[in-house]
Amino acid sequence: MQTFHPRHFAIVPAAGSGSRMGAVRPKQYLPLLGRPLIHHALATLCAAPAIDKVFVVLSVDDAEWARHDWSALGSKLVPLFCGGATRADSVLGGLRAIADEAAQSDWVLVHDAARPCLASWHIDKLIRELAGEEVGGLLAVPVADTLKRADEQRHVVETVARDSLWQAQTPQMFRYVMLRRALETAREVTDEASAIEMAGLRPRLVQGDATNLKVTYPLDLHLAEWILHNRRG
Ligand SMILES: Nc1ccn([C@@H]2O[C@H](COP(=O)(O)OP(=O)(O)OP(=O)(O)O)[C@@H](O)[C@H]2O)c(=O)n1
Ligand SMILES: C[C@](O)(CO)[C@H](O)COP(=O)(O)O
């Protein structure tokens, strides 16, 4: 009997403008340890033996990509100039662009370009723990702080119980066809798991760690630099 092994593709949405960073260029191209920030996650994904190809979704008018040398990352890396107005649009654009390549049940790992501290063990753990799942899931960390809900004047309205609350990270890993259908139907989602949930499915949480932070504000850039520097040392 022939056994079918799904392949693993990475899609890295990198068509954002980085408005909260407020820098002179989109944050994915800001320097981080001598490389563009996005280089770090791309290098980790390209080096993962389980991942067949790494598609990076850039904005249609991206002028920065061509200014850098990506050759060290090898032939797995494929730029796609099909980013959209939102993160979800960019991911969906990437999924549509790889339609000829991906089979329905192949896995797609969506990872933010803005999470440069992705490590090989994050990828290995995610793929290992989700291998037997039908739907897929995502890296996440349990909420550690006490949570407050505020009114418009920042007065506390309530303390929200943190039991069972997790912070979503990326990669988020789902079957190609399931994710594409979910994103084609979903409206205004901030991650892939939300689209899958709206389709009535239940993604599984795989525990990651706080080092896989998203660079959103200037301070995050310093934290990411510290994490990467100390990991190498
Ligand atoms: N239209 C968009 C918006 C975001 N992204 C990507 O989605 C990831 C997570 O988004 P976020 O951190 O919000 O990035 P930005 O949208 O660039 O930042 P901001 O919201 O501060 O403008 C980033 O890798 C970003 O490049 C994308 O591909 N296409
Ligand atoms: C996908 C994500 O990184 C999970 O935490 C996050 O939702 C992206 O949100 P953003 O508002 O686009 O930064």
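Counting convention: from 1, in listed order, for ligands and their atoms alike. For this chain, numbers begin at 1 and follow the sequence in order.
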Report summary line: Here the atoms of ligand 1 under 4.0 Å from any heavy atom belonging to Ser17 are 17 (O), 22 (O)
**Report entry** Test: Arg175 cationic atom under 6.0 Å from Trp107 six-membered ring centre, within 45° of axis
**Finding:** yes
Requested in this report: Starting from atom 26 (O) of ligand 1, locate the nearest protein heavy atom and write down its residue, its atom name and how far away it is, to 0.1 Å.
Outcome: Gly16 N, 3.0 Å
Query raised in the report: Salt bridge check: are Glu184 and Arg181 linked by an N-O gap of less than 4.0 Å?
Result: no
Requested in this report: Look up atom NZ in Lys214 and atom CG in Asp220, then write down how far apart they are to the nearest 0.5 Å.
Outcome: 8.0 Å
Query raised in the report: Hey, what do you get for CZ (Arg87) to CG (Leu92), rounding to the nearest 0.5 Å?
Result: 12.0 Å
Report summary line: Atoms of ligand 1 under 4.0 Å from any heavy atom of Ser90, numbered from 1 in the order shown, are 1 (N), 2 (C), 27 (C), 28 (O), 29 (N)
Query - Asp112 heavy atom under 4.0 Å from ligand 1 - result: yes
Report summary line: heavy-atom search around atom 13 (O) of ligand 1 in the protein gives Arg20 NH2, 2.9 Å
Report summary line: In this structure, CD1 of Ile38 is separated from NE2 of His40 (nearest 0.5 Å) by 11.0 Å
**Report entry** For atom 1 (N) of ligand 1, the protein heavy atom that lies nearest, with its residue and separation
**Finding:** Gly84 O, 2.9 Å
Query raised in the report: What's the shortest distance from atom 10 (O) of ligand 1 to any protein heavy atom, and which residue and atom give it?
Result: Arg87 CD, 4.3 Å
Query raised in the report: In ligand 1, which numbered atoms sit nearer than 4.0 Å to a non-hydrogen atom of Lys214?
Result: 12 (O)
Query - Nearest-contact summary for atom 14 (O) of ligand 1 - protein heavy atom, Å - result: Lys27 NZ, 3.3 Å
Report task. Could you grab the distance from atom CG of Leu130 to atom CZ of Phe174, nearest 0.5 Å is fine? Result -> 8.0 Å
Report summary line: Closest to atom 24 (O) of ligand 1 among protein heavy atoms sits Pro13 O, 2.8 Å
Report task. Consider ligand 1: state whether an atom of it lies below 4.0 angstrom from any non-hydrogen atom of Thr86. Result -> yes
Query raised in the report: Counting both backbone and side chain atoms, is some N or O of Val215 under 3.5 Å from an N or O of ligand 1?
Result: no
Report summary line: Per-atom filter on ligand 1: closer than 4.0 angstrom to a heavy atom of Ala85 are 1 (N)
Report task. Evaluate side chain to side chain contact (heavy atoms under 4.5 Å, CB included) for Leu139 paired with Met173, printing each intermediate quantity in order. Result -> CA-CA 9 Å; Leu139 284 181; Met173 175 171 141; over 6 Å; no
Query raised in the report: Between CG of Leu126 and NE2 of His111, what distance do you get to the nearest 0.5 Å?
Result: 11.0 Å
Query raised in the report: Should Gly18 be counted as touching ligand 1, given the test is an N or O pair under 3.5 Å?
Result: yes
Query raised in the report: What residue and heavy atom of the protein are closest to atom 28 (O) of ligand 1, and at what distance?
Result: Ala15 N, 2.9 Å
Query raised in the report: Going by atom types alone, do Ser59 and Asp62 pair a side-chain donor with an acceptor below 3.5 Å?
Result: no
Ligand-protein N/O pairs under 3.5 Å (ligand 2):
from	atom 1	to	atom 2	distance (Å)
ligand 2	3 (O)	Asp112	OD2	2.5
ligand 2	3 (O)	Arg115	NH2	2.9
ligand 2	5 (O)	Arg115	NH2	3.1
ligand 2	5 (O)	Ala168	O	2.7
ligand 2	7 (O)	Thr190	O	3.0
ligand 2	13 (O)	Arg20	NH2	3.0
ligand 2	13 (O)	Lys214	NZ	2.4

**Report entry** Candidate with minimal heavy-atom separation from atom 22 (O) of ligand 1, of Ser19, Gly22, Gly94
**Finding:** Ser19
Report task. With heavy atoms of Ala113 as the reference, note each atom of ligand 1 found under 4.0 Å away. Result -> 24 (O)
Requested in this report: State plainly whether one hydrophobic cluster holds both Val206 and Leu118, where clusters connect Ile, Leu, Val, Met, Phe, Trp and Tyr through side-chain heavy atoms under 4.5 angstrom apart.
Outcome: yes
Query raised in the report: Do Phe55 and Leu73 share a hydrophobic cluster, counting only Ile, Leu, Val, Met, Phe, Trp and Tyr and linking them when any side-chain heavy atoms are less than 4.5 Å apart?
Result: no
Report summary line: Residues at least two apart in sequence or cross-chain that pass ring pair (Phe, Tyr, Trp, His ring centres under 6.0 Å) with Tyr29, listed by chain then number, are His68
Query raised in the report: Taking atom CZ of Arg7 as the centre, does the number of heavy atoms from other residues, nucleotides or ligands within less than 6.0 Å exceed 12?
Result: yes
Report summary line: Rounded to the nearest 0.5 angstrom, the CG-CD distance for Leu205 and Gln167 is 12.0 Å
